[in-house]
Structure formats: structure tokens, C-alpha cells
**Student:** 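One structure follows; several queries about it will come next.
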Amino acid sequence: MSSEAAAGLIGRANGIGQAVHRGTLLWLLLCQTLVMLPFLDSHPVWLVGLFGVCLAWRGWALRHGVLSLHRYIKALAVIVGLFALIASGYRHYDIDSMVAIVLLGFALKSIETWRYRDTHMIVFTGMFLCAAHFIYAQSPWQALYTMVAVASLLACANSIYRAPEAQTRTRFLGPLKVSGGMMALAIPLALLLFFIVPRIPPLWAIPQQQRATTGLSDSVTPGDIASLVQSGEDAFRVRFYGDMPPREQWYWRALVFDEFDGRTWSVKEAPPVVPVPPAFKAQSDYRYDMFVKASGQPWLAVLDTPTNFSAQTMRYTQYRTLEALEAIHSVSRFTVSSNSQLRRYFVPGTDERLSALQLPESGNPELREWARQAFARSASPGEFVNDVLRHIREREYFYTLAPGVVRSVDSLDAFWFDTREGFCSHYASAFVFIMRSVGIPARMVGGYLGGRLNSDEGFITVRQMDAHAWAEVWLPGSGWVRVDPTSAVAPDRVLADLSDVFADSPEFISSLAGRTYDFLPLRRLQLWLDVFEFQWHRAVVQFGENERAGLLDRLFGRNNPIWSSLATVAALAAALLLWWGLFALRAASKHSSPQFRLLAQLERKLAKQDLHRRAGETVADFLQRSTIALPSAADKLAHIAQLFNRLEYARDPTAEQRQTRSGLRAAIRSLTLH
Amino acid sequence: MNIVMRWRSRWRARWDIFFAQRHPRQGSFVTSTRTLYILPSQAGYGLLFFLAFIFLLAVNFENSLVFGLFFWLLSIAVLNLHVTHHNINSLRVSCVGSRNAYVGDNVEFVLEVESTNEGKRHAIEVLFNDEVRAQRVDLTDSTRARVTLATPATARGYVIVPRVEIRSVYPLGIARVWSYANLTAVAIAYPVPIDAGVDTSGSVTDEFGEERESRPGVNDFDSLRAYAHGDRLTRVHWPASSRSGALQVKQFVDPLARHDWIEWDNFPNLATEARIAHLSFLLEQRENAGDEYGLTLPGVEIPSGSGQAHYARCISALSTFDQREPDYV
């Protein structure tokens, strides 16, 4: 049996069991592919591969006219698929597993999609998966992509009902026109609902799998990294309320690496959470909104010492860093105030002091020895810091993103004395090691440095490649002092973008694959897109219940919520009534013929004499009846009845009809009743 | 179970009355806002189910974009109601022809579906009430189209066109809109020809095999014969008896049926329906043989003729014997 024969099967009422035609099969192929592709990022590749296999089977079946697989084979496919999911690590109750199961069904369903019902099933499941796209990505590009996917799903649903004998072109492109048109027409209502329907708080929490994405990690092993992989992805955006600190102060602190085992610096497992001193609140220099991209981690990168923030979403640690209460899985907004001077007044407690001096018993003996000798030559700890920086600056040290792996156990010795090239964490880790080995409390800090300022819109975009490591040293009298050893070897790095520092480095350019452009129009376009993305996150992605209620308050005034919701419902009802009225009016003007309007006029006149036409009574009968009550107008009424009947029933030419109609109009007008 | 079925049939009867009142029988029917009904289809309920899941996703993840998508899809579903309704609104349905058939076969009606406002219509389904098979109409290139629907002929006589359902789920299949047209067309179901086994032609042969023109009767004088025991004395022809010496009785005949006529009165022994079936058989036999024939029924006389049209006229008259024509025909 060929596919045409299959398409010709006629089934039950409304075609539920009817076979779909080839145009629909093409649309299914397209929309399923569009829906599945984004999950390549978050889910195993084999799920998409499975879809490919199912498609191949379907192509073969279509050619050979096989319509269904034995149900045992289908059941087997489902069971094997479920086991494969378990093997891929989807064993917990969380959103990823749920989506994975739906994806599995979505892919497998395509082997038996022949009928209307199956197609609807695919389309609706696809809609759910489109919604799931937004759990994993919220960029405007994702939104645009998903819109296209939804359009293709709707087109697929529409294609079912296209005439199978229509030309291939209309059969394939016609549905797209319909779905696009419907999506466009639905926008006003959708916006209305979006703004007026109150958002209810989450009913229950669906856990999301911990998935470390790009960005900072909680340990650094400088010697193991052959070359830094640069990611042009955005990490977060910042917009200041009022003043902005100078560029050289854009050190976004996120993590404090306290523990060192000779090769690796790591973050203390659970940094002690402490209350913010109440006096801080009045000490804010800067206040800013941060829009943080999903990182799968709770860390926030903030300026210096945070002083004021919402305790409902963030907590403060002993290291003067901030953490979100939960790992960040979607773009989130945090409002923070910071102070750039307070760090002076911190005196480390015993624990903090001890961990800021911790070093392994042995290892890197040459560097320890070098530090001891250099410290002996310095007058004070402050002087010593400057001496070490001067050493880095004046000797042959190089800043590179591709330093190569150091195999030696004493990796810091090898860096300091042999290779002499590295990136920020090499310099920071050697510096902290030197300080600790002579008894100066020091620690390595991870975060971001700099960012790209969009001066038109006044926000800063910090990208993953702005990640940076520097040191903090506690000096008596000065408190915690920020020391960036990288600035000694590459002073530009503090004031310029990494891309400018490494403008000539082939590794850098290749690793960014054209994220930063020299060509001015492209750079401008990039800035513009950046603005767009920022506004998108600010205005759309972050649009929650507070924003919604705030907007309505601003529009309608701050009222009792009951009143404002009643007003909204009333407005909606009024709009619907108006719409319906317009419809009815249009329908009335379209369908009623002129003589019926004249009849209505006549009826109004006779109604004044208490004569009403009964339901189903003909005009002639009615006028006959009226004559009994109004004998004086008998002739005129008979004339009117005759004209009316002629208009209704005689098949006169149009011109004659017009004449009759004007006669009727005149007759009704001249009808005077007392 | 019994109660459920009783209530169901009552429910259905109530709706049938409701629809019958709203859709009086008329020559042509134009769909309008008043006569169209719309409800979610099976797939529509499926969509609502999936939308509920999307809503849960939006609420539980407090995801603004999922909320946006949810409201958009909901709005599209609402808009779909209008599009579905618009697709089938202002359609004229009328019956433009019919094909008669024998009882047991299907009577066919040719329906015309016309777009009164020249709008394009897709995937309109036209079917007789209670039938499973629907005919599809697409008015994309022209404003009118014809479909032929069949309904079984169960009894001879007039077959009134059953209630026509027109419906559509276009464009997304999530809402079904429908209406009913009660039209005024009729077709005729012919009685099935059955040979009742009585003499086929109405002619009679004598003992020599020759066709006789008359049969014994009371009207016309034919001849004299010898008196047989039991003959009435009033029939005795006394002059002839005296001449021959033996009693002679008058014998009367009735003229036999006319050779080319098929007559109702020829088969007084057959019950009405059997007689109709037999006459149907005779009509078919004559028509197949290519003869000329006429038909008499009480109150009906169709003069002799032959050919398809003549046959149709005769069999129609036979089919509708003793039936009142529907008012509107």
C-alpha cells in the first residue's frame, strides 16, 4: 500500500482516526526537529539521535507502506528508552528527568504518527517542550527560536486539515500563513492576560539538577591548565543607581580561595555565614542591580564589601562575599549596595587568621626560601608587598593565556623560577604563597575584573572571559588590602578588556571565534544587541508578580486589590461586549435587506397604534389585520402589502426592484395614522 | 444501566426537539451565528490538559517566559474559536437533486454548499445525521461545490432528505463547530419487484393453447351452451331451448385485460403491498423486454409508453401509491 492509499483512509467523525497526508508528515518532521534541537544543550545527545532513527524508520515505512509496528516492539522500545534514561543518570525527581521522559515519548511517538490523533498528540507535547525551552534558556534569541518552533507546531496542526489533493506548495506553505496570522492576531489578548492575570506563588518546588555551567569553579589548579578556554558568554550585567565606581575598581568578588594543598587552591566547604554589621547599612557608596545568568551556582560577584541587600534572597559570609540562597538556574536579579572603604576596618579573628596563613608542611621549598630572604630585606610587610610586585614587574615575567602544563610537584617553584609565564591565577597563587610563607595573612580571591560599559544605557556587561584571580593581604593598620599581581605584569589588564590586552594573540582570537569585532559597524551592532538583551532580561524575563502589580498600580492607581481586579474584569467584559456589538452590527448590516429595514420602520409606526406583528405572521396578513383597526388607511396598507410582497417574491430586474423599493419607502412615509 | 440508557435517550430526544425547533424545514439553509454550535473537540480537551501542565511549569518555576507562552497559546485557542466559526458561517446548503432507488438500496441526494460571502472555506464536512461517513468540501477555488450523500431506502414511497449536518474543526482541530440543515427535498424508494406467481400478463389461454380475449363473466353475451346442473334458470335461453329440444343457457363473458396495460384491478387476490411488489415486477419485466405498457392504479392512469422516463413515471406512481405527498414538494 502506498502512502497515498494510506492517506485516503476515511475514518470516524471529525477525522480523529483518519490518516494524515504527506504535507502533514513534512510539517511533523520540521516541527519535531525544531522542538528537539535546543535540548542538545541540556540533555543527552542520544535522545536526538533516537529521533533521527525513528525518522529513518518512518521514511522507510512510508516507502514500503508499512503502517504500524507490532505493539510488543513499541513497548520494548519504550522500556529500553526508559532504561537508557536511567543509565544516563536521570533517576531523581527533578525537571531534567521529567523533560527527558517527555523527550523520549516525543521522539518515539514519531514512529507511529499516521493519524490525526497522533499528530495532535505530537503538537501538544511539542508545545509543552517549547515551554521547557525557557527553563533552560531565557535569552531573546531563545524566545525568537521558540516562537518559530511554536509557529511550526501550529502549522503542523493546520496542515492536517488542508485538502490532500491541493498543490504541494499550498499544502506546505498555506499552514504557515494560517499559524503566523493566528499568532499575530492573538498577541493583544495574550498581552492583556500577561499583564492582568495575577501570578500565584509556586505550588510546589520541582528540583533542578545541579549542573555546573561555565564560569567560576570552586577550586583552581593553575599548574594543570594548559590554556584558558575563553568564553564570550555573558556572566552578569550591572546597572548602577547613580554613581559608578572608576574602571580600575571593577573587581567583582565572588569566591575566596582559602585552602592550599601545594597545587590546588580551593574554597572552604561552607563559608561561615555571618550577619552584616548594622552600621554598614548607612555606609553604602554604590547601589546597583545585578542580572545574573544561570550558573548553577549560588555565588554572586559583587564590588568590595556588600552593605545592604535583601536577606530573603542572599546571605553574607565571613569573607565579605555574597551568595544567593539557592543556586541560580535562570536569569535572576539581585539588588546590592557596596562600600569600597570598609575593608580597612576588618580585623581577622583567630580562625580567619589561621586559615589565611595555612600552607602545606612542605613543597615549593625554593619559593619559600626566596620569600624568607626577600622579607628579610624589607622594612615592613607593606614594603614587602611592594618589593614582590616590583620583582614581578622588573624581571622577565610574562602574561599569557596559554602557559602550558607544569608537571613538577613544586608547581609554584617551576612557575616562579623557570617558566615565568602564566595568567592571573598563576601570579595570584604564587603571591599568596609568598605572603603566607613569611607569616602575612593572605588569600586568593576569585571573581571578575572589568566589564564592558555600554555608556548609552549605563550598564556593564561582564563576560565569562572577564574571570580573574587576585590576592588580598591583611596588613596591620590598612586592613585587608587588595593586591593584583597581574597588574604588575600586565597593567593594561586592569583598565582594558582582555580582548584589547590580547588583541594580537592568535590563541585569544581563535578561542573567541569572532565574539569581539574590530570592524566598527559590527562592534556597534554587538553593543546594540547587548542593550537589547539587557532590556529583555530587565523588562521581560524579570517580569514577576511585583512588577505586574506595580505596573497596574501605576496605570490605575494604588487601590484595594479587590477593586482593581473587579475593575479589570469589568473592563474586560466591556471590551468583549463592544467586540460582540461590533460583530452583531456588522452582521446585521450585511444580512438584512433594505425592505426589512423598511418593514421595521412600518412596524414601529403601527406599534404606536398597538398593532404588533405576531411571530410567523406574514406582512400581508399583518396589514390585513391592521386594516380592521385602521379602516381609514386600508388602501395605503393594501398598497404597502402589495409592494412588499412584490419586493420579496417577484423576481424583478434590479432596476425595477429599486423603483419598487422607493415606492414602498414613500408609501410608508406618507402613512399617517391617528 | 437501564436508567442510564433511559436518561440518555431522554436527553437525546430533548436535544432533537431543541434542534428541530431551531432548524425548520426549508428549501435552502444558510448558517448563521444563531444556528451554529461550537464546543471544544476531543483534541481541544487534550490541548487544555497540556496547557494546564505548561501553567504548572510557569507557576512552579516562576518563569516569566513560560507564562508568556502559556497566555499566548491560550489566546490562540480562544482566537481559534472565531476562526473555526468564521470558516463555516454564511454557508448556504441546498439540495439540488436526488436519485431514487429500490428499497434496500441507497437513495442519494445531491447537496450544494455555497459560500454566500465569497470567503474561502476549508475542510467542511457534510453528512447525514447519524451517518459515519462524511463528504469533504473545500471552497478555495470556487464558491460552490456539490456533494452526493446516500441514505438507505427502508420502505417504498417518499424518502424525505434526512437532517444534514455540516461541521468543521478547521484550522487547528481543537474546536468543533456544527449546524443542522433540514431541507425540503424528497426522493422515492421503489418497491422491490417480486413475482407473485399469478399469471404474468393478465391474458388467458383456452384449452387449445390459443389466447382468448375474454374470460367468463357477466357483462357481454358470448354464446349458448348446454344446460348443466346448477345453472341459474334466469340464464336459460328459452327460444333456443325450444328449437333444439335441450335446455340452452346464455353464456356471458367479460372482456379480458387490455394486452399492453398493467392494471391494479387484475390482481384482486393479492394484498396491497404484495400487489405493489408484483406490479413492480411486471413493470420491470415489460421495460426490460422493450414493450410498450401503461399503468392503472386506483385514481391513476398512465397511458401506454416506453423508455426510462416512462418507466420512472410509472414506478414512482406505483411507489407512492396511497401516500400523501409531503406538503412542500
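Keep in mind that this is a model prediction, so the values were computed, not measured.
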**Student:** Provide the closest heavy-atom pair for Arg162(A) versus His122(B) in the form atom of the first, atom of the second, distance.
**Tutor:** NH1-CE1, 3.9 Å
**Student:** Taking all atoms of both residues into account, what is the closest heavy-atom pair of Ala186(A) and Ser75(B), and its distance?
**Tutor:** O-CB, 3.5 Å
**Student:** Is Leu192(A) in contact with chain B via its backbone, its side chain, both, or neither, using a 4.5 Å heavy-atom distance?
**Tutor:** neither
**Student:** Among Ser179(A), Pro202(A), Ala132(A), which residue has the highest count of heavy-atom pairs closer than 4.5 Å to chain B?
**Tutor:** Pro202(A)
**Student:** For Phe53(B), look at atom CZ and say whether over 12 heavy atoms of other residues, nucleotides or ligands are found less than 6.0 Å away.
**Tutor:** no
**Student:** What part of Cys130(A) lies closer than 4.5 angstrom to a heavy atom of chain B: side chain, backbone, both or neither?
**Tutor:** both
**Student:** Heavy-atom distance under 4.5 Å to chain B: side chain of Val150(A), backbone, both or neither?
**Tutor:** side chain
**Student:** Please classify the contact between Val540(A) and chain B as side chain, backbone, both or neither, with a heavy-atom cut-off of under 4.5 Å.
**Tutor:** both
**Student:** Let me know if Ser159(A) has heavy atoms under 4.5 Å from chain B in its side chain, its backbone, both or neither.
**Tutor:** neither
**Student:** Test of understanding: with side chain to side chain donor-acceptor pair (under 3.5 Å), list the residues that count as partners of His85(B), not counting sequence neighbours.
**Tutor:** none
**Student:** Looking at side-chain heavy atoms only, is the closest gap between Val59(B) and Arg199(A) below 4.5 Å?
**Tutor:** no
**Student:** For Ile95(A) and Leu57(B): C-alpha separation, side-chain torsions, deciding distance, then whether side-chain contact (heavy atoms from CB on, under 4.5 Å) applies.
**Tutor:** CA-CA 9 Å; Ile95(A) 186 68; Leu57(B) 206 64; 3.6 Å; yes
**Student:** OH of Tyr161(A) to CD of Glu125(B): how many Å apart, nearest 0.5 Å?
**Tutor:** 9.0 Å
**Student:** Looking only at heavy atoms and a cut-off of under 4.5 Å, which of Met147(A), Gln142(A), Gln138(A), Met183(A) has the most pairs with chain B?
**Tutor:** Met183(A)
**Student:** Test side-chain contact (heavy atoms from CB on, under 4.5 Å) on Phe50(B) and Met121(A) and set out the steps.
**Tutor:** CA-CA 10 Å; Phe50(B) 277 85; Met121(A) 189 76 189; 4.2 Å; yes
**Student:** Any chance you could measure Leu189(A), atom CG, to Leu74(B), atom CG, to the nearest 0.5 Å?
**Tutor:** 7.5 Å
**Student:** Quick one: pull up CG in Leu154(A) and CG in Asn80(B) and give me the separation to the nearest 0.5 Å.
**Tutor:** 9.5 Å
**Student:** So which atom in Val178(A) and which in Pro171(B) form the shortest heavy-atom distance, rounded to 0.1 Å?
**Tutor:** CG1-CB, 4.0 Å
**Student:** With a 3.5 Å distance limit and no angle check, can you tell me whether Asn60(B) reaches the backbone of Leu203(A) through a side-chain donor-acceptor pair?
**Tutor:** yes
**Student:** Got more than 12 heavy atoms from elsewhere within 6.0 Å of CD, Glu326(A)?
**Tutor:** no
**Student:** With sequence neighbours excluded, what pairs up with Glu108(B) under the salt bridge (charged side-chain N to carboxylate O under 4.0 Å, His left out) test?
**Tutor:** Arg99(B)
**Student:** Could you tell me which non-hydrogen atom of Leu172(B) sits nearest to which non-hydrogen atom of His120(A), and how far apart they are?
**Tutor:** O-NE2, 3.4 Å
**Student:** Please list, in residue-number order, every residue in residues 63-73 of chain B that has a heavy atom less than 4.5 Å from any heavy atom of chain A; write 'none' if there are none.
**Tutor:** Asn63(B), Ser64(B), Leu65(B), Val66(B), Phe67(B), Gly68(B), Leu69(B), Phe71(B), Trp72(B), Leu73(B)
**Student:** How many angstroms lie between atom CD of Gln42(B) and atom CZ of Arg117(A), to the nearest 0.5 angstrom?
**Tutor:** 7.0 Å
**Student:** First locate atom CZ of Phe49(B), then atom CZ of Phe128(A), and finally report the distance between them rounded to the nearest 0.5 Å.
**Tutor:** 10.5 Å
**Student:** Using heavy-atom distances under 4.5 Å, tell me whether Pro188(A) contacts chain B through its side chain, its backbone, both, or neither.
**Tutor:** neither
**Student:** Counting heavy-atom pairs closer than 4.5 Å to chain A, which one of Asp138(B), Val30(B), Ile174(B), Leu47(B) comes out on top?
**Tutor:** Leu47(B)
**Student:** List the residues meeting salt bridge (charged side-chain N to carboxylate O under 4.0 Å, His left out) with Arg333(A), not counting sequence neighbours, and say none if there are none.
**Tutor:** Glu547(A)
